[in-house]
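Accompanying notes for the structure given below.
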Amino acid sequence: TRLSYPTMHADIPDLDIIRVGETYYMVSTTMNMCPGAPIMKSTDLGHWEIVNYVYETFADDDVTNLENGRDMYAHGSWAASLKYDEATNLYYVAFNSNDHGFFIYTTDDIENGTWTKHACRNGFHDPALFFENGNLYVISAAGGNCSIQQLSLDSEKGVVNTVGSSKRLFSASGDWALWEGAH
């Protein structure tokens with residue numbers, strides 16, 4: 001028997017997929033589009049539908065608003081990390097944006113919920129979020145260096161805070177000096 005999977009007529013780079021119960025969720029890069037960071041849903045990893053977007057827009061500036069000769073290309077979300085924290089029942093999407101910094105959005109309803117934005121000016125290129133012992137961490141990599149940083153979210157101020165200093169996990173040089181893509 002030959003299997004046939006439908007084609008999704010979309011550009012879905014830098015995807016990240018999680019499974020919660022029997023449902024798979026996926027997020028993708030939207031380097032120049034608003035709304036951005038589409039959330040897709042599947043029960044078989046073959047048939048996907050877009051069920052939500054993480055943001056309508058994440059900045060009110062000339063780049064995002066396409067004003068004063070500026071454009072959005074390369075200034076949107078890059079390589080989003082999608083996670084679910086069973087301890088808090090929250091979904092997390094984190095991404096870096098050129099010129100806009102680092103963002104973590106949270107929601108308790110990935111399909112229909114509103115996302116809460118947390119931001120900072122730090123850069124965490126191609127982030128990978130994870131949780132351990134109730135703490136939030138990000139692994140990021142760029143320019144041959146891969147580092148880990150503990151984070152905390154200030155929901156009242158909408159801020160991502162760093163906790164302590166980052167630790168370099170490893171470095172690369174030569175042909176590997178442009179290593180990236182932590183998740």
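Owing to the predicted nature of the structure, the values given are computational and were not obtained by experimental measurement.
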What closest approach, in Å, do [X] and [Y] show between heavy atoms, and which atom pair accounts for it?
X      : Y      : value
Asn32  : Met72  : O-CG, 3.4 Å
Trp115 : Val54  : CB-O, 3.3 Å
Lys117 : Tyr105 : CD-OH, 3.1 Å
Trp48  : Leu45  : NE1-O, 3.4 Å
Cys146 : Ile139 : SG-CG2, 3.6 Å
Met33  : Tyr55  : O-OH, 3.8 Å

Any chance you could lay out the side chain to side chain donor-acceptor pair (under 3.5 Å) test for Asp85 and Tyr91, step after step, and finish with the verdict? CA-CA 6 Å; Asp85 183 6; Tyr91 293 87; over 6 Å; no
Show your reasoning for whether side chain to side chain contact (heavy atoms under 4.5 Å, CB included) applies to Ser140 and Phe102. CA-CA 11 Å; Ser140 62; Phe102 179 70; over 6 Å; no
Working to the nearest 0.5 Å, report the span between [atom1] of [X] and [atom2] of [Y].
X      : Y      : atom1 : atom2 : answer
His125 : Asn96  : NE2   : CG    : 7.5 Å
Ile50  : Ile39  : CD1   : CD1   : 10.0 Å
Ile17  : Met26  : CD1   : CE    : 5.5 Å
Asp99  : Thr64  : CG    : OG1   : 9.5 Å
Leu90  : Thr107 : CG    : OG1   : 7.5 Å
Ile110 : Tyr84  : CD1   : OH    : 10.0 Å

Taking only residues two or more places apart in sequence, or in another chain, which ones meet Val163 in a side chain to side chain contact (heavy atoms under 4.5 Å, CB included)? Gln150, Ser152
Heavy-atom donor-acceptor pair, [X] side chain to [Y] backbone, under 3.5 Å:
X      : Y      : result
Arg121 : Gly123 : no
Asn98  : Ala74  : yes
Ser97  : Gly76  : yes
Ser28  : Leu15  : no
Ser42  : Tyr24  : no
Ser171 : Asn145 : no
Asp154 : Asn161 : no
Asn133 : Asn135 : no
His118 : Val160 : no

Take Asp16 and Tyr25 through the test side chain to side chain contact (heavy atoms under 4.5 Å, CB included) and record every step on the way to the result. CA-CA 8 Å; Asp16 200 7; Tyr25 294 102; over 6 Å; no
If we check side-chain hydrogen bond (donor to acceptor under 3.5 Å, both in side chains) with Asp61, which of these qualifies: His100, His75, Arg70? His100
So Asp71 and Val63, do their side chains get closer than 4.5 Å, heavy atoms only? no
Ile104 versus Leu136: any side-chain heavy-atom pair under 4.5 Å? yes
Are Phe95 and Trp78 close enough, and set up right, to give a side chain to side chain contact (heavy atoms under 4.5 Å, CB included), and what steps lead you there? CA-CA 6 Å; Phe95 60 84; Trp78 289 90; 5.8 Å; no
If you count every heavy atom of other residues, nucleotides or ligands that lies below 6.0 Å from Glu67 atom CD, does the total exceed 12? yes
Kindly work out whether a path of hydrophobic side-chain contacts (I/L/V/M/F/W/Y, heavy atoms less than 4.5 Å apart) joins Val138 to Val159. no
Could you give me the CA-CA distance, side-chain angles and deciding distance for Asp60 and Asn65, then say whether side chain to side chain donor-acceptor pair (under 3.5 Å) is met? CA-CA 7 Å; Asp60 184 15; Asn65 296 330; 2.7 Å; yes
List the residues meeting ring-ring contact (aromatic ring centres under 6.0 Å, His included) with Tyr92, not counting sequence neighbours, and say none if there are none. Phe131
Could you walk me through whether Phe124 and Gln149 pass the side chain to side chain contact (heavy atoms under 4.5 Å, CB included) test, one step at a time? CA-CA 9 Å; Phe124 297 103; Gln149 174 69 57; 3.8 Å; yes
